[in-house]
*Asks:* 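Below: one structure in structure tokens.
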Protein chains: 2
Amino acid sequence: MAFLVFSLSNLALTLFAAIITAFISPAAAGSGIPEVKAYLNGVDAPGILSIRTLIVKIVGSIAAVSSSLLVGKAGPMVHTGSCIAALFGQGGSRRYGLTWKWLRFFKNDRDRRDLVTCGSAAGIAAAFRAPVGGVLFAFEEMASWWRSALLWRAFFTTAVVAIILRALIDVCLSGKCGLFGKGGLIMFDVYSANVSYHLADVPPVLALGVIGGILGSFYNFLLVKVLKVYNLVNEKGTFYKIFIACTISIFTSCLLFGLPWLVSCQSCPSDASEDCPTIGRSGNYKKFQCPPGHYNDLASLIFNTNDDAIRNLFSKNTDSEFQLSTMLIFFVTCFILSIFSYGIVAPAGLFVPVIVTGASYGRFIGMLIGSWGNLSHGLYAVLGAASFLGGSMRMTVSLCVIILELTNNLLLLPLIMVVLLVSKTVADAFNGNVYDLIMKVKGFPYLETHAEPYMRQLTVADVVSGPLQLCHGIEKVGNIVHILKTTMHHGFPVIDESPHSESPVLYGLILRAHLIALLKKKAFLCTPVQLGADAFRHFSSDDFAKKGLGNVDKIEDIELTDEEMEMFLDLHPFTNASPYTVVDTMSLAKALILFREVGLRHLLVIPKISSVRNYHIHFPNLIPHSLS
Amino acid sequence: MAFLVFSLSNLALTLFAAIITAFISPAAAGSGIPEVKAYLNGVDAPGILSIRTLIVKIVGSIAAVSSSLLVGKAGPMVHTGSCIAALFGQGGSRRYGLTWKWLRFFKNDRDRRDLVTCGSAAGIAAAFRAPVGGVLFAFEEMASWWRSALLWRAFFTTAVVAIILRALIDVCLSGKCGLFGKGGLIMFDVYSANVSYHLADVPPVLALGVIGGILGSFYNFLLVKVLKVYNLVNEKGTFYKIFIACTISIFTSCLLFGLPWLVSCQSCPSDASEDCPTIGRSGNYKKFQCPPGHYNDLASLIFNTNDDAIRNLFSKNTDSEFQLSTMLIFFVTCFILSIFSYGIVAPAGLFVPVIVTGASYGRFIGMLIGSWGNLSHGLYAVLGAASFLGGSMRMTVSLCVIILELTNNLLLLPLIMVVLLVSKTVADAFNGNVYDLIMKVKGFPYLETHAEPYMRQLTVADVVSGPLQLCHGIEKVGNIVHILKTTMHHGFPVIDESPHSESPVLYGLILRAHLIALLKKKAFLCTPVQLGADAFRHFSSDDFAKKGLGNVDKIEDIELTDEEMEMFLDLHPFTNASPYTVVDTMSLAKALILFREVGLRHLLVIPKISSVRNYHIHFPNLIPHSLS
């Protein structure tokens, strides 16, 4: 009976989450961190940061997390933060009538990118109540371009998050906000002034790191394999997606409800901090099917919120609370469930599952070591979580600070740093960061800062692909339309030929969006003449502002009469007259670095330059960088 | 009598520090952070990272700090770390016979720069036992170029620092290392689990931030003024430098010894944590000239190590220990002394003085507010230190983490963040970061990431300066020597003219260092012919490796006979055939960004390109960055 209620409520919630995700906004499925990371790298996939995704993400992740699936809320919160930021960055949403006049100043890609970066920082800050960790996460994992000004803004964002969190916790002290605010600003406070460790404790900690690294990379490996299988099934249609979600939900319910039977009951400790067994509320000692005065330790891990489970595992005076077998079972369960739960069509984060799994693994190791070392099992759990995070997500500073802000135990810092470095190094030998792997599976291109070795052997001339599409300084409308219709390029070189110049000269680069804006205005010329600055007469700055997602003008939408097609446009005033150019003998690696560092979207390749006239610019002499 | 001993020992120490600095290595004077920051930005000022500077810095700062001058050790430690790193980066020091074969792999500017960055991180990590803070400091304040790979390396460096520190503290528990290791891994542990604050405490904290910001910028302002005066005097000669140092030392002694007379004696508290008054050792209650059973609170701040003074100010259960007048006097003293002590010709850091001053200021405010708020005076001191640091150094995340790691009070985080942001914002309205100001006074050029508004109005053609010096693909030795002797440029464009090509073509860019290497080898040609790859026959990779500091070859050192002058060199094999080029119509701002982002040293300006042949490279489409 209990099982029926349990599994059916889980199923209902999962079904709800899956349905809204599948039908309203499929982009809201999964963690969202890979998508945002890809966006910050320059891939503007449709719908990733739209309002619908935002709403589905919030509602869906609430449903998914509360449906006993082993999915996290950190990833979805990062995505949520990014969506809200992007909304500001595109001047609100015209479709939903949410638009402010002053937001138009952010209507350019750079501000939008910065806002999204800050949004992702705010997400982590809110999820773990770790403001500094949030900033570092955004810097280390998410952002592709970073300025120190941006650092300050991200810090400001997370500061606001911290203050609001603190204020809400203050308000919720009376406990009328349910579980929120439990544990105050520090979620898993394991502070113990007397934590002490010596050289003897280092070897087990190193071992913890190595195993954590191996487990983490193995976790990534399996996760990707499962995702690929899911993708195959999902391609069959929406029904199959939802079917998978339901299967996983039922599977989870059975597993969670069945496993506690395997472990024996424990008699309540006499000096229990809270009344034991606890019934009907989230607590430390779950009765499950035990006789009075006894509790089921596995059940007290499973039938808790993830946060409480982690807190139990981290807490320091509970060495006697759990059995070795329990810990092993719990670890394996979490490991499997988190892998299978991620790929379903519902908002699902990775952070919390990885922490739970890592903590149980760490505590298991701690129990094996037992009294041989003098760290408490709780601290082993913390280190285990750190090692598993490091092995799966491969961050260093940000994870270190996040764990610090989660557990508030500064004295452990050296150990945590060692564990993170060891596990990351070990794991890097096998495969990549979990988010990068997911990005690959999802098919997002990602431009690394470093060039692959083979790129040093190639020149840009080897990779350029024709045929070249170019406009003339004063171009026939018909030709422009033809070029726009026949190609998908986002920018076109503009050439000046006789009579406007004696020999053909590269005038600059013009963007597709601007050409379309010009065609829309229909301010055409009857004769091919150059008009100067007054060409802007017909245009407001808004015409060339970055359009919001979704409502980008297409060339197909513009009707032009035949006589208009015969008319001319003077492109000179609207052309970027100083585009970045490289000679065709430049090595591909070097071009890539330029492309990436400066954040280019278009790079013009030209033959060796003749008729030179060049001087040095007197900037203060810099160290010759390896590129120059 | 006591005064004589006190002042004379101070004088002797100061004199020693000043003399070794002035005579052995003047570059070791001051904090060293501005110099290192300038180096990381590309300014390779002579002797900044040499081995002599290293030694003088270590010895000198020990002497200076122990001579009661109000100078810090953090800056010198950052400089020390950078020197050691640079030593690795130049393959040891040949002059002192410290060189390892495997170090030659680091003999390039990029690795050297990365090493120095990590070194500076290690410096802060060691000074404040704040490994994470160190990494963030290096990233936020020091580094001009940053890659996530570098982040990981810096993290590794500081992790090693943390582990070694922890191990040493473990060893020193028995107390046989004097004051070292006192306070364990956390220097000023003010953790109090019951720290609680509510909305009522926010206004005073904001006020603290605002005043701290004003004070901080005022501090910077005065510091720069004093530095300029010192520079005028110092130009008169070494004797004057040392004279200033001595004057400041005597002045300091008088002030420190005289002031405690002003304040009244306090009767010892009955529940003193340590025996009161303390005599003959560093402790909390100094007897000075008081009757038995009494102590002089100002003396107990002054005649302590700076660390102990800060610890006293930060500690939470000492609200009754100090009088208001004491705090005010101490604050003013520190403010003045730290300003006048910095500029003297001796290693002197800014961090600790700023923290002391800020802490006393904060505690003073806390006393004024008194029981109105419910934060302890110690916490006000922490916040005061934060606000003053923020107001003077203008860092955010790194300062936040450093303070966190110093005080180990995570619950204060929201308040610290607010204070930092407020004080930085207020202070930025008046002047710049203290290190940038010092850099300006010292005359280091610094290339910002962002372009000044006026640069948008200029094109690169407006700033280039002739006459153009260029080499031909196959050049007469005489001409090369002439160019090298008559110009100071570090790179020269190489032009191919008929007969090697029909019209003059820009072949590439060759570096002065490489030309000199070619001349040294004297592998000249009798006739102007192109030799291919076998041109490298005479050369080993080592010939073109980056030379260590100091021993760079000069053109004047190379003797060439007249017939050699008449011979030829084929520069093609040694030329960078794909230099970065921009059209002369590009806006200066855009060129600056390119220069800075890619870390160029040379940028060739060319006229509009004719005879175009260009395609798109198919990198994944990036967001059009504001630059592209």
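This is a predicted model, so every value here is computed, not measured. In what follows, chains carry the letters A, B, and so on, assigned in the order in which the sequence lines appear, proteins first and then strands, with residues in each chain numbered from 1.
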*Asks:* Can you find a heavy atom in the side chain of Val418(B) that is under 4.5 Å from one in the side chain of Ile163(A)?
*Replies:*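 Of all side-chain heavy-atom pairs linking Ile163(A) with Val418(B), at least one is under 4.5 Å.
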*Asks:* Can you tell me which of Ala154(B), Ser144(B), Ala149(B), Ala159(B) forms the most heavy-atom pairs within a distance under 4.5 Å of chain A?
*Replies:*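 Option with the top pair count is Ala159(B).
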*Asks:* Identify which part of Ala167(B) has an atom lying under 4.5 Å from any heavy atom of chain A, answering side chain, backbone, both or neither.
*Replies:*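 Nothing of Ala167(B), per the 4.5 Å heavy-atom cut-off to chain A.
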*Asks:* Looking only at non-hydrogen atoms, find the nearest pair between Pro579(A) and Met586(B) and report the distance.
*Replies:*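 Scanning both residues, the minimum pair turns out to be O-CE, 4.2 Å.
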*Asks:* Is the shortest heavy-atom distance from the side chain of Met417(B) to the side chain of Thr158(A) under 4.5 Å?
*Replies:*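 A side-chain contact under 4.5 Å exists here.
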*Asks:* For each of Glu140(B), His450(B), Lys424(B), tally heavy-atom pairs with chain A at distances under 4.5 Å, and name the one with the top tally.
*Replies:*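 Heavy-atom pairs under 4.5 Å are most numerous for Lys424(B).
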*Asks:* May I ask you to test the Leu413(A)-Glu405(B) pair for a side-chain heavy-atom distance under 4.5 Å?
*Replies:*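 In contact.
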*Asks:* May I have the step-by-step check of side-chain contact (heavy atoms from CB on, under 4.5 Å) for Leu420(B) and Trp152(A), ending in yes or no?
*Replies:* CA-CA 11 Å; Leu420(B) 280 173; Trp152(A) 183 34; over 6 Å; no
*Asks:* Quick one: are the ring centres of Tyr580(B) and Tyr580(A) less than 6.0 Å apart?
*Replies:*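 Ring-ring flag for Tyr580(B)/Tyr580(A): false, centres at least 6.0 Å apart.
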*Asks:* Atom CG in Leu399(A), atom CZ in Phe155(B): separation rounded to 0.5 Å?
*Replies:*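 With rounding to 0.5 Å, CG (Leu399(A)) is 8.5 Å from CZ (Phe155(B)).
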*Asks:* Give a yes or no answer on whether the side chain of Lys590(A) reaches the backbone of Ser578(B) with a donor-acceptor pair at less than 3.5 Å.
*Replies:*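 The answer is yes, because a donor-acceptor pair under 3.5 Å joins these two groups.
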*Asks:* Is any side-chain heavy atom of Val132(B) closer than 4.5 Å to one of Leu404(A)?
*Replies:*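 Not touching, per the 4.5 Å side-chain cut-off.
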*Asks:* Can you tell me which portion of Leu136(B) sits under 4.5 Å from chain A's heavy atoms? Options are side chain, backbone, both or neither.
*Replies:*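 The side chain, not the backbone.
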*Asks:* If I measure from the heavy atoms of chain B, does Thr396(A) come under 4.5 Å with its side chain, its backbone, both, or neither?
*Replies:*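 Both backbone and side chain of Thr396(A) come within 4.5 Å of chain B.
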*Asks:* Could you report the tightest heavy-atom contact between Ala577(A) and Thr585(B), atom names first, then the distance?
*Replies:*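 In terms of heavy atoms, the two residues are closest at O-OG1, 3.7 Å.
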*Asks:* Has Phe444(A) got more than 12 heavy atoms of other residues, nucleotides or ligands less than 6.0 Å from its CZ?
*Replies:*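 Atom CZ in Phe444(A) is crowded, with more than 12 foreign heavy atoms closer than 6.0 Å.
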*Asks:* Just one of Asn408(B), Leu410(B), Thr407(B) clears the side-chain contact (heavy atoms from CB on, under 4.5 Å) bar with Leu410(A), so which one?
*Replies:*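 Of the listed residues Asn408(B), Leu410(B), Thr407(B), the side-chain contact (heavy atoms from CB on, under 4.5 Å) partner of Leu410(A) is Asn408(B).
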*Asks:* Which word best sums up how the rings of Phe139(A) and Phe139(B) line up, parallel for under 30°, tilted for 30 to 60°, or perpendicular for over 60°?
*Replies:*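 Aromatic pair Phe139(A)/Phe139(B) classed parallel.
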*Asks:* So which part of Val135(B) gets closer than 4.5 Å to some heavy atom of chain A, the side chain, the backbone, both or neither?
*Replies:*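 Side chain only.
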*Asks:* Measuring from Trp145(B):CH2 to Glu597(A):CD, what's the distance to the nearest 0.5 Å?
*Replies:*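 CD of Glu597(A) is found 10.5 Å from CH2 of Trp145(B).
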